[in-house]
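Each remark here refers to the structure printed beneath this line.
Below, read A as the first sequence line, B as the second, and so on, with proteins coming before strands; counting in each chain starts at 1.
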Protein chains: 4
Amino acid sequence: MIIVLKPKSSEPQIQEVAHAVKKFGYEPRIIRGVELTVIAAVGDERRHHTLESLTAFPQVDHVTAVQKRYKLVSRDFHKADTTVRVGGVLAGPGRFHVIAGPCSVETERQTLEVARAVRDAGATLLRGGAFKPRTSPYDFSGLGKEGLGILKKARQETGMPIVTEVMSPQDVEAVSDYADMLQIGTRNAQNFALLHAAGQSRKPVFLKRGMSATVEEWLNAAEHIAAQGNSNIILCERGIRTFETSTRFTLDLNAVAVAKKETHLPVFVDPSHGVGRADLIVPLARAAAAVDADGLMIEVHPDPKKALSDGAQQMTPDRFAELMAALRPFVELMGRKLG
Amino acid sequence: MIIVLKPKSSEPQIQEVAHAVKKFGYEPRIIRGVELTVIAAVGDERRHHTLESLTAFPQVDHVTAVQKRYKLVSRDFHKADTTVRVGGVLAGPGRFHVIAGPCSVETERQTLEVARAVRDAGATLLRGGAFKPRTSPYDFSGLGKEGLGILKKARQETGMPIVTEVMSPQDVEAVSDYADMLQIGTRNAQNFALLHAAGQSRKPVFLKRGMSATVEEWLNAAEHIAAQGNSNIILCERGIRTFETSTRFTLDLNAVAVAKKETHLPVFVDPSHGVGRADLIVPLARAAAAVDADGLMIEVHPDPKKALSDGAQQMTPDRFAELMAALRPFVELMGRKLG
Amino acid sequence: MIIVLKPKSSEPQIQEVAHAVKKFGYEPRIIRGVELTVIAAVGDERRHHTLESLTAFPQVDHVTAVQKRYKLVSRDFHKADTTVRVGGVLAGPGRFHVIAGPCSVETERQTLEVARAVRDAGATLLRGGAFKPRTSPYDFSGLGKEGLGILKKARQETGMPIVTEVMSPQDVEAVSDYADMLQIGTRNAQNFALLHAAGQSRKPVFLKRGMSATVEEWLNAAEHIAAQGNSNIILCERGIRTFETSTRFTLDLNAVAVAKKETHLPVFVDPSHGVGRADLIVPLARAAAAVDADGLMIEVHPDPKKALSDGAQQMTPDRFAELMAALRPFVELMGRKLG
Amino acid sequence: MIIVLKPKSSEPQIQEVAHAVKKFGYEPRIIRGVELTVIAAVGDERRHHTLESLTAFPQVDHVTAVQKRYKLVSRDFHKADTTVRVGGVLAGPGRFHVIAGPCSVETERQTLEVARAVRDAGATLLRGGAFKPRTSPYDFSGLGKEGLGILKKARQETGMPIVTEVMSPQDVEAVSDYADMLQIGTRNAQNFALLHAAGQSRKPVFLKRGMSATVEEWLNAAEHIAAQGNSNIILCERGIRTFETSTRFTLDLNAVAVAKKETHLPVFVDPSHGVGRADLIVPLARAAAAVDADGLMIEVHPDPKKALSDGAQQMTPDRFAELMAALRPFVELMGRKLG
């Protein structure tokens with residue numbers, strides 16, 4: 001930690017802060033500059049309380065951390081890329097997997113139709129929402145358990161492992177009975193009770209980035225899961241909140257590039273939610289492959305015009321097949337195998 | 001809903017969309033403009049599925065809602081300001097209440113000391129975190145149930161009703177045994193399972209705005225609670241995520257002004273989290289009173305320099321007493337009674 | 001400057017950076033931590049080149065400035081509040097001035113009508129746009145020189161000093177012939193050629209904050225003017241770009257509170273542009289007074305429904321008179337004289 | 001334009017607005033819904049004043065535009081991709097050009113060294129800042145005219161056309177004497193006086209997106225240039241302001257995908273400024289090619305550690321050569337020729 005003091009702080013004021021630094025378990029090093037004095041607090045920032053509270057001293061201007069807070073998910077801690085196994089699918093280095101399926105599970109027919117189509121086009125994991133977070137309480141919020149049952153049938157028929165969202169700690173066990181990977185959505189990305197419950201399960205976790213989370217907060221959310229003993233985590237960038245209105249969110253491929261440097265975990269990209277417009281998914285999917293993402297999550301619906309949720313961003317099975325064909329050479333250029 | 005078609009859409013294309021509008025249960029009205037055709041879909045947007053899925057038609061440029069989604073919390077539905085009773089305290093028109101207390105309950109002594117001090121200075125509700133959401137899993141995350149017990153003692157001694165955060169649906173019942181008002185934090189502002197659990201309890205709910213929630217999403221979050229039968233909701237603005245770095249968040253007093261127009265529920269302001277700097281709380285608290293907020297939530301710690309969380313933003317009891325004195329004339333100018 | 005090295009940097013790598021620090025004219029102090037090594041570069045950051053380029057060393061993780069870049073406008077440099085004289089009007093401590101007038105000068109009649117009305121209601125400075133920045137080239141962009149002539153007449157008739165925008169360095173001289181204060185708009189807040197031209201004139205400058213400028217960048221923009229020898233600067237907060245859509249921009253009163261601490265210059269607030277909705281101006285104007293702003297800029301039009309620009313945010317003269325009445329007790333509570 | 005009235009507006013209130021719509025030159029069509037009445041204003045929105053001022057009616061809830069404001073730069077107006085000629089270089093369909101060079105022209109030697117290196121690696125246009133916009137007045141702000149002279153020499157020696165920034169309308173002529181393409185930077189992206197001056201010159205214009213400009217505002221900025229008679233415009237995405245701090249800005253590749261749909265003009269990407277970190281440029285450059293950008297702008301310095309500006313984001317010539325090699329297969333996959 002670096003504690004920057006205000007200009008003209010007196011010697012006793014400097015010593016007072018240095019003393020407090022010591023009390024928090026760090027060793028203080030005082031650097032006297034031309035206009036400012038700075039105290040470097042030497043110690044493991046992860047093991048001690050944050051020194052941010054020192055800002056409460058009137059002579060302290062600000063406090064800056066120099067060390068990252070996450071450890072288990074950090075590449076400093078574990079250099080090599082991690083492979084996460086989901087059912088029979090291995091996600092990570094050398095592979096590129098596309099998770100596809102409808103936004104919401106609406107009917108058995110719709111789900112099976114999409115499942116077969118995306119499998120035939122090369123998708124290896126099936127997504128589908130049974131519990132749907134919806135901004136308004138009057139929107140369709142999913143079929144719940146019935147939806148989980150439909151997903152199970154789709155797995156039996158197509159052999160594809162299932163990824164589905166869990167919204168509450170109480171549901172983790174039930175959803176785990178059906179799903180091969182638990183998805184935690186953007187609105188729950190700092191729902192720490194849910195992160196802990198997912199960390200205590202044995203299932204791999206598909207962790208979406210919070211729509212206003214920094215990369216550091218996203219990795220700290222993953223650390224919450226890993227700290228409970230479950231390191232089978234796939235990260236997923238899905239768009240952040242910005243001022244731009246031509247897309248629903250701003251898909252942040254910079255964050256993918258940063259995350260690939262910072263963590264050994266696989267990083268996927270969800271352009272469907274990221275932009276909220278089916279007509280932009282192909283170029284952004286190519287870009288995601290080129291930025292070195294480990295996979296994609298794509299929403300597909302047999303007839304998006306009639307979808308009960310997010311019709312604007314779902315692709316038809318035909319368009320999805322075109323996407324997969326367009327994607328393949330980019331994936332291979334990156335030295336990865338599609339599927 | 002307004003469906004804007006792309007320039008040069010053909011007559012059959014226009015009719016195709018009009019037909020789909022009808023199938024979704026709305027009545028279509030076609031308006032042919034100079035360059036564009038627009039279809040107005042007449043019907044109650046809250047009772048039907050959203051027409052957003054029509055964007056999946058290639059001839060549709062975009063779809064815009066004209067009606068707000070929330071109803072129970074809307075001033076269109078209920079004109080007069082609502083008064084919410086918390087223990088013996090009435091929050092709403094004509095009153096201005098200050099909720100104060102430590103960020104985290106750390107010890108019985110710390111909590112009681114602060115409770116007495118803030119009561120003596122004029123606060124009417126006691127806050128204190130027993131379950132703390134923390135970005136890093138290695139930070140102090142609260143005393144849990146032990147903390148709730150300490151808060152109970154503080155209520156017994158000071159008579160102040162207790163406001164404390166609940167982070168998980170399973171905890172709603174247990175927290176309700178101790179708390180007079182359930183707080184839902186910014187990171188759970190779209191945790192719909194938690195909103196539903198709070199909606200099913202009998203306790204008033206203190207709903208923080210999500211740090212990246214629009215006012216509309218914030219009111220829809222309240223609608224999720226109200227739709228479960230619990231309309232005892234106090235809204236609280238606590239700062240949004242922006243590019244600015246001189247404050248931790250950007251306290252958004254515009255949103256308070258908008259919310260006061262849109263909803264009949266009381267709206268509070270939390271400048272402690274909003275700016276994350278104790279030295280800015282007094283001017284922003286005055287501004288919150290002047291913008292016509294119904295109250296404040298302020299963090300107070302006996303010695304912020306030693307706080308286990310958020311020391312930078314907690315006030316000393318002395319500074320808090322000064323704040324209350326500075327605030328009073330502004331509150332009275334607004335025609336409200338402090339406390 | 002603080003240079004944070006990557007974990008496990010070798011001794012020669014550390015010395016290489018220390019050596020480069022010396023070459024840039026700073027004195028390096030090496031602090032060896034548990035996991036990380038940090039180099040503090042001692043020297044006046046304003047007089048030397050930024051050390052940011054050191055990030056180009058592979059062993060450097062990041063570089064952080066500890067010192068602010070602005071000096072002349074800083075309260076560290078000049079403790080007491082500055083009073084800026086505009087015509088006969090003194091803006092600064094103990095006063096609260098309201099600058100009012102139409103968004104655009106449309107006709108002589110419209111301008112004079114508004115000028116008289118706002119003067120009678122207590123405004124002390126007249127605003128009016130002759131050169132208007134407009135997002136689209138097809139929008140009304142002001143009357144130009146003819147508009148300046150109308151403003152001159154309004155000054156002759158009402159005695160109010162004139163504030164009007166200048167958009168180009170070539171126009172500074174011509175606008176200075178008519179205006180008592182040069183306004184620099186949000187879209188030109190980092191137009192350094194214009195800042196320099198304004199700095200070389202003798203006129204006071206009304207500097208709007210850039211809609212995506214941090215407080216630090218805003219003060220650095222003022223420093224660009226001051227560094228040319230003109231310290232007669234009034235800062236004006238006018239709303240920032242955020243994700244929120246219920247208001248046109250997000251008026252940032254936190255920034256006013258921060259700026260009042262950081263600089264000795266007067267700080268005004270423009271709620272008309274800040275929210276873009278006339279119906280929210282009264283509460284936000286009260287809040288601006290309560291946060292300790294030195295004044296307001298408000299748009300007034302005789303018939304906003306017919307305005308050639310920004311009708312949604314302009315007040316009628318009657319509403320403006322009500323605003324002034326509502327504002328007065330808040331201004332006086334702050335120990336200021338209105339007008 | 002769509003004018004949404006407030007619930008329960010009376011018949012005379014509806015007629016009053018319809019009448020005002022007519023007076024603004026549009027034809028009103030009244031649509032009476034279940035809860036709301038909406039008036040569609042039929043007419044060319046570009047040729048009439050905006051109806052936004054109607055929001056000043058108390059019975060109007062909000063006004064929405066249905067038509068885009070830009071025309072000359074729109075693909076609706078001109079379907080085929082435009083090719084822009086810069087010196088002997090053709091930018092647009094089928095090609096992919098990399099503009100490279102130092103952030104600032106520092107010395108003749110540095111500039112020539114970089115120019116030769118980037119040409120040899122496959123860059124086809126040379127960038128270099130002679131006039132530099134800098135946040136602080138105490139930073140190096142470029143060599144000015146001397147820098148232009150150095151760029152001229154670099155062109156003579158390498159044959160590469162020159163792209164350099166112009167910051168003020170007065171400088172357009174002088175910079176045009178040296179440059180083959182005028183760059184307008186992000187801080188001047190809504191400096192309308194400069195846009196007009198550039199529009200009146202014969203030179204092609206390289207228009208960076210404003211760091212807080214929506215795609216629509218960016219295209220309107222281009223329309224300002226085109227409306228002056230100069231349609232030789234290349235757009236450049238260079239990162240937007242968001243809350244994320246791990247990169248300096250957030251490079252927005254969504255905006256590139258949107259712009260490619262909306263406009264016929266070539267769209268380039270500047271990852272150097274977009275992320276501000278040299279270590280992320282390769283993956284983001286690949287992504288830019290894959291999203292179908294028409295080219296890149298990359299900063300290269302012989303020794304970034306000693307750069308007078310933006311050292312953190314400049315690449316060495318060797319790394320640049322690697323980037324070009326890495327880029328080539330992606331460019332070719334997109335059906336484009338590199339250089």
Side-chain angles (χ1 to χ4, degrees), chain C residues 20 23 46-47 49-50 52-58 63 69-71 131 133-141 167-171 187-194 210-212 216-217 220-221 223-224 226-228 240-241 277-278 301 303-314 316, chain D residues 20 23 46-47 49-50 52-57 63 69-71 131 133-141 167-171 187-194 210-212 216-217 220-221 223-224 226-228 240-241 277-279 301 303-314 316:
Chain C
K23 278 207 134 179
R46 272 189 301 268
R47 270 192 306 232
H49 291 307
T50 158
E52 184 214 43
S53 293
L54 296 177
T55 319
F57 280 105
V63 174
R69 311 294 297 281
Y70 44 88
K71 181 165 188 172
F131 297 97
R134 298 307 299 270
T135 299
S136 161
Y138 309 118
D139 281 337
F140 174 66
S141 65
M167 286 172 60
S168 178
Q170 304 105 301
D171 295 340
R187 288 167 185 79
N188 284 316
Q190 290 194 311
N191 175 345
F192 299 114
L194 182 59
M211 65 179 80
S212 60
E216 200 184 335
E217 288 168 333
N220 271 309
E223 186 84 6
H224 271 277
Q228 298 292 327
I240 57 172
R241 270 270 149 103
R277 289 173 52 169
H301 191 281
D303 190 354
K305 295 183 287 291
K306 295 180 183 155
L308 298 185
S309 59
D310 288 354
Q313 75 197 33
Q314 299 196 63
T316 59
Chain D
K23 278 206 133 181
R46 274 188 300 267
R47 272 192 305 235
H49 292 306
T50 157
E52 184 213 45
S53 294
L54 296 177
T55 319
F57 280 104
V63 174
R69 313 291 299 280
Y70 45 87
K71 183 166 186 169
F131 298 97
R134 298 307 299 270
T135 299
S136 161
Y138 308 119
D139 281 336
F140 173 67
S141 66
M167 288 173 59
S168 178
Q170 305 106 299
D171 295 340
R187 289 167 184 80
N188 283 317
Q190 289 194 311
N191 175 346
F192 299 114
L194 182 59
M211 66 178 78
S212 61
E216 200 183 336
E217 289 168 333
N220 271 309
E223 187 83 5
H224 271 277
Q228 298 292 327
I240 57 172
R241 270 267 148 105
R277 288 172 52 169
D279 65 337
H301 191 282
D303 190 355
K305 297 184 286 289
K306 294 180 182 157
L308 298 184
S309 59
D310 288 354
Q313 74 197 33
Q314 300 196 63
T316 59

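For the residue pair D:E216/D:Y70, the side-chain donor-acceptor check at 3.5 Å is not satisfied.
Between C:R69 and D:D139 there is a side-chain heavy-atom pair separated by less than 4.5 Å.
A distance of 8.5 Å separates CG of D:L308 from CZ of D:R134, quoted to the nearest 0.5 Å.
No other option in D:N188, D:N220, D:L194, D:T316 has as many heavy-atom pairs under 4.5 Å with chain C as D:N220. Per-residue heavy-atom pair counts under 4.5 Å with chain D were compared for C:A226, C:A278, C:S168, C:A189, and the maximum is reached by C:S168. Chosen from D:Q314, D:Q313, D:M167, D:Q170, the residue pairing most often with chain C at heavy-atom distances under 4.5 Å is D:Q170. Ranked by heavy-atom pairs under 4.5 Å with chain D, the first of C:S309, C:P58, C:A56, C:S136 is C:S136. Chain C forms the most heavy-atom pairs under 4.5 Å with one residue out of D:S53, D:G311, D:A20, and that residue is D:S53. Looking only at heavy-atom pairs under 4.5 Å with chain D, the residue among C:A221, C:P169, C:A193 that has the most is C:P169.
The pair C:E217-D:R187 does not meet the salt-bridge criterion, since no charged nitrogen lies less than 4.0 angstrom from a carboxylate oxygen.
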Walk me through whether D:S212 and C:M211 qualify under side-chain contact (heavy atoms from CB on, under 4.5 Å). CA-CA 8 Å; D:S212 61; C:M211 65 179 80; 3.6 Å; yes
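For D:N191, the parts lying near chain C are the backbone and the side chain together; criterion is any non-hydrogen pair under 4.5 Å. For C:D303, no part lies near chain D; criterion is any non-hydrogen pair under 4.5 Å.
Among C:E223, C:H224, C:Q190, the single residue meeting the side-chain contact (heavy atoms from CB on, under 4.5 Å) criterion with D:T135 is C:Q190.
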